[in-house]
Asks: 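Structure provided below as structure tokens; questions to follow.
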There are 2 protein chains.
Amino acid sequence: MSPHVPSSDSIRTVALVGGTHGDELTGVALVRAFQQHPERMQRPGLDVTALIANEAAIAACRRGVDGDLNRSFAAAELADASLHSVEQRRAKAINAQLGPKGPDTATDLILDFHSAASDMGLNCNITGEDPFLFRLAALAIHRLAAEPDPLTVRCYQFPAPTGDAPYLPTIARHGMGVEVGPVMPGSLNAAIYFPTLCLAHTLLDLVAEYAAGRWPDAPLPLDVYTEIDTIPFPRDADGRLTAMVHPERTRRVYQPLQPGDPLFLDFHGRTIPYTGAPGLYPTFVNEPSYLAKDIALCLARHSQRMV
Amino acid sequence: MSPHVPSSDSIRTVALVGGTHGDELTGVALVRAFQQHPERMQRPGLDVTALIANEAAIAACRRGVDGDLNRSFAAAELADASLHSVEQRRAKAINAQLGPKGPDTATDLILDFHSAASDMGLNCNITGEDPFLFRLAALAIHRLAAEPDPLTVRCYQFPAPTGDAPYLPTIARHGMGVEVGPVMPGSLNAAIYFPTLCLAHTLLDLVAEYAAGRWPDAPLPLDVYTEIDTIPFPRDADGRLTAMVHPERTRRVYQPLQPGDPLFLDFHGRTIPYTGAPGLYPTFVNEPSYLAKDIALCLARHSQRMV
């Protein structure tokens, strides 16, 4: 066991999940590939399963049919038999199969594969604080950076919500999202698929090494990008968009934003500069699935910790 | 009047349409901008209106709510009062407002603004044969190529369907699609928006010049890309994708495809080469909205004509 995570925290059962959002096909293809060749996901000492989360949404080629499956795993919602939309029923079925959410869950670790249209690269997404997951992410990041064809992987942290978190990975004892981009919703990007597969294999290797007590002792530095804010689109009094993300900013994901930098371009060609705090990192820039939430981009704070 | 189009073919009423597909926001933004500043679309001798085609689909941020509005304008469907999905009702309302489809239509020309996620650039889409539209496209292409900041515009031809064509522009005497990309569904790309606006203004200018009898006499060469085939994705016996568009091909829209060129990459990293006829031009490459139609890419034949 690593000295950096509780020694009681054994990991035996792992679930790889794809298609939580039906238009994010990278995870769907990856999970189907593992299902067709289950020997490729098995590791000594681990029991690894692979699950397609929302076949109905995949068939419809949409994020969800009646709602967002990744917001349907709050304990109160899982317990409410009167809720039975497509996503609410799938959440209950997945919770019965991989959970149940809580101390008696059957699953030690869920890796939930998502994709973004924004040029996010490869990310390990962690909600709140989980020493095991941060250490796992750090080891994956260092290992893949040291490959002959190095891959850049980042650790992205969502603040833990107050109260009952509704995300699919919360039904396991540990849950991590794998977020990759750019991949357009409803499509596959071969230039992203294989790096994602490589990250999946590395995470499985590392979990097996953890289960075998073979993680190194030395602490590792980890760069963490913590989402702290979102920026809405400029709109008129009728709620209609008056500007687009500035083309100089669209592709500059994870590049620090400074006051005065071009942020939006209105429909008359006028630049609207950024006026907020310095040194934050734009993420999910111009992400289509965030338009309905009125998020033009997210802002993350960078920090480094030893894990 | 131009000697190249029938002299009886006067053009007075023009409609600019956006949001025929609710997730193609370039046309929505462009039409809303014209609605807010109608003086910018008016031209001497023309009566120009601007219409948002499918507000319900835009609000849902989807191609359509119950169907595809741009397949709902067949005369038989317009006449069938028993058909009343969201899109079928919108088709009837738009036909009442801008049509009715047929010789007594109130609208001489519809320009219908679409966008593609594929890197299509700027296109004038023409279905079948229409000498006025080919000449209009050629004049726009030559004029924009001669600007200090030249824009490349292509003429894309869809074969006319046998029988009753279901497309929105068919309710006018002349109907042209304007197809621009890359713009992700559900988002705006500022780098495409302004060239599209420039093309819209140029088309309006040219139609006004036509109405005033000021088109030049000299015939112009026009490169036409005619869609002649589509290529489906490789699938297994269960109908599931076994490969992605090859990354070398994804961005090579409108670059000729030769036998042996990498076309797909399967999930094991094996390249599947193209084995069809030489010298065709891939278009709509890896277009997400075409996945449901099982189209990985379209193939166009290039020809040149004098118009």
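Just so it is clear: chains get the letters A, B, ... in the order the sequence lines come, proteins before strands, and each one is counted from 1.
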Asks: CE of A:M184 to OG of B:S118: how many Å apart, nearest 0.5 Å?
Replies: 7.0 Å

Asks: Can you tell which part of B:L25 gets under 4.5 Å to a heavy atom of chain A, answering side chain, backbone, both or neither?
Replies: side chain

Asks: Is it the backbone or the side chain of B:H37 that comes under 4.5 Å from a heavy atom of chain A, or both, or neither?
Replies: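 Interface part for B:H37: side chain.
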
Asks: Please classify the contact of B:D266 with chain A as side chain, backbone, both or neither, using a heavy-atom distance under 4.5 Å.
Replies: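 The answer is the backbone of B:D266.
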
Asks: Need one label for A:I192: side chain, backbone, both or neither, based on atoms under 4.5 Å from any heavy atom in chain B.
Replies: neither

Asks: Heavy-atom cut-off 4.5 Å, strictly under: side chain, backbone, both or neither for A:R40 against chain B?
Replies: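 Side chain only.
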
Asks: Please indicate whether B:R235 has more than 12 foreign heavy atoms, meaning atoms of other residues, nucleotides or ligands, lying under 6.0 Å from its CZ.
Replies: yes

Asks: Do other residues, nucleotides or ligands put more than 12 heavy atoms under 6.0 Å from A:D149 CG?
Replies: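 No.
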
Asks: Non-hydrogen atoms of chain A under 4.5 Å away: do they reach the side chain of B:E287, the backbone, both or neither?
Replies: neither

Asks: Among B:A33, B:G269, B:A191, which has the most heavy-atom pairs under 4.5 Å with chain A?
Replies: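 Heavy-atom pairs under 4.5 Å are most numerous for B:G269.
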
Asks: What part of A:V245 lies closer than 4.5 angstrom to a heavy atom of chain B: side chain, backbone, both or neither?
Replies: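 Backbone only.
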
Asks: Need one label for A:F194: side chain, backbone, both or neither, based on atoms under 4.5 Å from any heavy atom in chain B.
Replies: side chain

Asks: Can you tell me how far apart CG (A:L197) and NE2 (B:H268) are? Round to the nearest 0.5 Å.
Replies: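 Those atoms lie 10.0 Å apart.
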
Asks: Is A:L188 close to chain B through its backbone or its side chain, or both, or neither, when contacts mean heavy atoms under 4.5 Å?
Replies: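 Answer is both: backbone and side chain atoms of A:L188 are under 4.5 Å from chain B.
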
Asks: At a heavy-atom separation under 4.5 Å, does A:D236 approach chain B through its side chain, its backbone, both, or neither?
Replies: side chain

Asks: For B:A117, is it the side chain, the backbone, both or neither that has a heavy atom under 4.5 Å from a heavy atom of chain A?
Replies: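 Both parts, backbone and side chain.
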
